[in-house]
Amino acid sequence: MSLTQMQVFNQYIMPATIETLAQMVDKFNGASNGAIRLTTEGFDGDFLQESFFAAIHSAQRRVDRYGTNGAATATDLTQLKHSSVKIAGGFGPIRFEPSQLTWLNKPTAEGIEVASRNFAEALMADQLNTAVAALVAAIANQSSATNDVSATAGVDYIAMNAAHALFGDASGQLVAQVMTGQVFHRMIGQNLANGAKLFDSKSVNVIDILGRAIIVTDAPALYAAGTPSKQKVLSLVDGAATVFDGSDLISNIQTTNGKVRIETTMQVDYTFGLSLKGYTWDEANGGKSPTDAALATGSNWDKVASSIKATAGVITIGDAAK
């Protein structure tokens with residue numbers, strides 16, 4: 001593999017990566033019913049700030065037509081701020097020897113495809129795991145959105161239904177549930193043991209949980225630290241989390257001398273933005289370019305929606321060992 005060929009490799013890795021990522025985004029958005037949206041929309045600056053008017057439904061009052069015509073208390077029309085946060089990440093460096101490809105008579109296009117596909121998968125995994133971690137932190141920080149039965153029981157239909165009930169008459173807005181593979185198969189086991197036949201065994205999709213789409217992922221945030229049997233299920237509304245493309249993916253391929261064989265390294269820097277429905281990123285406490293720990297801290301996500309029904313969803317916490 002000559003230096004000229006390496007330049008061709010360098011020119012084509014970015015467009016191939018972007019195209020692969022767009023295809024993966026489309027597939028995931030459809031599977032999640034839009035609960036976690038991965039978008040290719042741009043994101044400028046450290047934060048994406050939006051303003052919205054606070055609800056004024058509380059201004060409604062009863063009037064006594066026969067009473068004293070006194071002064072009415074005014075309700076001020078106010079605006080609230082919602083902030084999304086930009087998150088930075090990196091991939092690599094990945095090291096290989098150009099002579100490895102020429103020795104195997106491999107075309108440059110194959111190296112492009114492998115590198116771009118693996119980076120795209122790693123980027124999407126980072127985006128999804130980060131979104132799940134932030135959702136768990138923000139929702140579990142609200143007692144009115146949390147059903148924690150872990151002291152006495154594991155996750156089951158009753159516990160999840162009780163979590164849905166926290167949304168009251170808005171529970172129909174919950175469109176998807178995010179759970180670990182262990183919890184998912186626990187649900188299947190409960191179906192198999194149920195004489196009422198809650199699912200059709202002839203169907204490829206053996207189970208749907210309380211009528212919602214299921215996202216099965218062993219995201220680290222769905223496990224309690226130090227107690228892996230303690231697991232969490234997110235029940236989410238449409239648009240619960242939105243991931244924005246930072247539009248500043250930078251890749252670099254560098255070939256160096258000085259060793260017995262020439263080595264090439266590839267490294268990528270990227271960013272993406274994250275927004276949670278009903279919650280704003282606390283710019284003062286959470287800060288800019290946050291760490292994973294900061295993103296997974298509930299107090300860094302402030303509830304700005306006046307009602308819990310206008311937020312991202314609810315969470316069920318149980319202990320699989322019980």
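Numbers for residues simply follow the sequence, beginning at 1.
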**Study point:** Intermediate values then yes/no, side chain to side chain contact (heavy atoms under 4.5 Å, CB included), Leu128 and Leu38
**Key:** CA-CA 8 Å; Leu128 296 182; Leu38 304 186; 3.7 Å; yes
**Study point:** Ile317/Thr146 under side chain to side chain contact (heavy atoms under 4.5 Å, CB included): CA gap, chis, key distance, verdict
**Key:** CA-CA 8 Å; Ile317 305 174; Thr146 303; 4.1 Å; yes
**Study point:** Intermediate values then yes/no, side chain to side chain contact (heavy atoms under 4.5 Å, CB included), Lys303 and Ile308
**Key:** CA-CA 8 Å; Lys303 184 172 80 70; Ile308 203 68; 3.9 Å; yes
**Study point:** Chi angles and distances behind the side chain to side chain contact (heavy atoms under 4.5 Å, CB included) call for Phe167, Val314
**Key:** CA-CA 8 Å; Phe167 253 42; Val314 296; 3.6 Å; yes
Review point. When you look at Ser229 and Asp319, which way does the side chain to side chain donor-acceptor pair (under 3.5 Å) test go after all the steps?
Key: CA-CA 5 Å; Ser229 63; Asp319 192 333; 2.7 Å; yes
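Summarising the geometry of Ser289 relative to Ala88, their closest heavy-atom pair is OG-CB, 4.0 Å, with the distance given to 0.1 Å. Of all heavy-atom pairs spanning Val268 and Ser251, the tightest one is CG2-CB, 4.0 Å. Heavy-atom minimum distance, Asp282 versus Ser299: OD2-O, 4.2 Å. Taking both residues in full, the closest heavy atoms of Gly287 and Trp281 are given as O-NE1, 3.0 Å, listed atom of the first, atom of the second, then distance. Residues Leu174 and Ser235 approach most closely at CD2-O, 3.4 Å, considering heavy atoms. Here the closest heavy-atom approach between residue Gly318 and residue Val149 is recorded as CA-CG2, 4.1 Å.
For the pair Pro290 and Asn300, the minimum side-chain heavy-atom distance is 4.5 Å or more. Looking only at side-chain heavy atoms (C-beta outward), Val136 and Ile315 come within less than 4.5 Å of each other. In this structure, Val233 and Met160 have side chains that are in contact, with non-hydrogen atoms separated by less than 4.5 Å. In this structure, Phe184 and Ile214 have side chains that are in contact, with non-hydrogen atoms separated by less than 4.5 Å. Side-chain contact between Phe91 and Leu123: absent, with no pair of heavy atoms (C-beta onward) separated by less than 4.5 Å. Side-chain contact between Lys277 and Val237 is present, with heavy atoms from C-beta onward closer than 4.5 Å. Residues Lys232 and Tyr223 are not in side-chain contact: their nearest non-hydrogen atoms beyond the backbone lie 4.5 Å or more apart. You'll find the side chain of Leu222 stays beyond 4.5 Å of the side chain of Gln231, heavy atoms only.
Within the 3.5 Å criterion, the main-chain N or O of Ala294 finds a donor-acceptor partner in the side chain of Thr291. Of the possible polar contacts, one joining the Trp301 side chain to the Leu295 backbone as a donor-acceptor pair under 3.5 Å is found.
If you take CD on Gln142 and OH on Tyr279, they are separated by 4.5 Å, rounding to the nearest 0.5 Å. Taking CE of Met187 as the reference point, atom CG of Asp156 lies at 6.0 Å (rounded to 0.5 Å). Here the CE atom belonging to Met124 is positioned 8.5 Å from the CD atom belonging to Gln127, to the nearest 0.5 angstrom. Here Thr297 contributes atom OG1 and Asn285 contributes atom CG; the two are 10.0 Å apart, rounded to the nearest 0.5 Å. Annotation: the span from Lys288 atom NZ to Glu283 atom CD amounts to 9.0 Å, rounded to 0.5 Å. To the nearest 0.5 Å, atoms CG (Leu166) and OG1 (Thr311) are separated by 10.0 Å.
The same ILVMFWY cluster, assembled from side-chain heavy atoms under 4.5 Å apart, contains both Leu276 and Leu234. A continuous path of hydrophobic side-chain contacts links Leu274 to Val178 [ILVMFWY only; heavy atoms under 4.5 Å].
Counting only N and O atoms by type, the side chains of Asp126 and Tyr270 include a donor and acceptor under 3.5 Å apart. Side-chain contact of Asp302 with Thr280: a donor-acceptor pair under 3.5 Å is absent, judged by distance alone. Side chain to side chain, Gln177 and His164 meet the donor-acceptor criterion of an N or O pair below 3.5 Å. Side-chain N/O atoms of Ser150 and Asp148 include a donor and acceptor closer than 3.5 Å.
Using a 4.0 Å cut-off between a side-chain N of Lys or Arg and a carboxylate O of Asp or Glu, Lys309 and Asp169 qualify as a salt bridge.
Side-chain contacts under 4.5 Å among hydrophobic residues (ILVMFWY), followed directly or transitively, place Ile158 with no other residue at all.
Within a 6.0 Å radius of CG in Asp292, other residues, nucleotides and ligands contribute 12 heavy atoms or fewer.
Here the rule is side-chain contact (heavy atoms from CB on, under 4.5 Å) with Leu236, and of Val175, Ile215, Asn33, Ile139 only Ile139 fits it.
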